[in-house]
Amino acid sequence: MKYAYFTKAREILSTTEYWDPNVIYPDCIKEARKVINCKIWFKAGEAGAIVSEFSSNSEDASDIFTDPRIVRIQE
């Protein structure tokens with residue numbers, strides 16, 4: 001999220017002469033929200049199981065885990 005925010009800020013600052021935070025921040029926040037909205041947070045239960053519910057199609061093989069501590073179990 002932070003990377004997306006500052007990448008957008010650097011892009012704006014390098015291509016324009018804007019320095020006013022009220023001009024720069026809205027687009028930076030939109031970029032950060034894209035990252036937040038695509039991440040899915042999981043929480044393990046006492047036995048370590050992941051319980052999840054999706055309102056759209058979900059395939060385990062295509063789920064993206066950004067936490068390096070999460071290891072996908074191969075059957």
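The distance from atom CD of Glu31 to atom CZ of Phe6, rounded to the nearest 0.5 Å, is 13.5 Å.
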For a quick test of your reading: what N or O donor-acceptor pairs under 3.5 Å do the side chains of residues 20-30 make, sequence neighbours left out?
from  : atom 1 : to    : atom 2 : distance (Å)
Asp20 : OD1    : Asn22 : N      : 3.0

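Each salt bridge (Lys or Arg N to Asp or Glu O under 4.0 Å) pair with one or both residues in residues 6-15, not counting sequence neighbours, appears once here: Lys8-Glu11.
Criterion: ILVMFWY side-chain heavy atoms under 4.5 Å apart, direct or through other members. Under it, Leu13 and Tyr3 are not part of a common hydrophobic cluster.
Contacts of Thr15 classified as side chain to side chain contact (heavy atoms under 4.5 Å, CB included), with partners at least two apart in sequence or in another chain: none.
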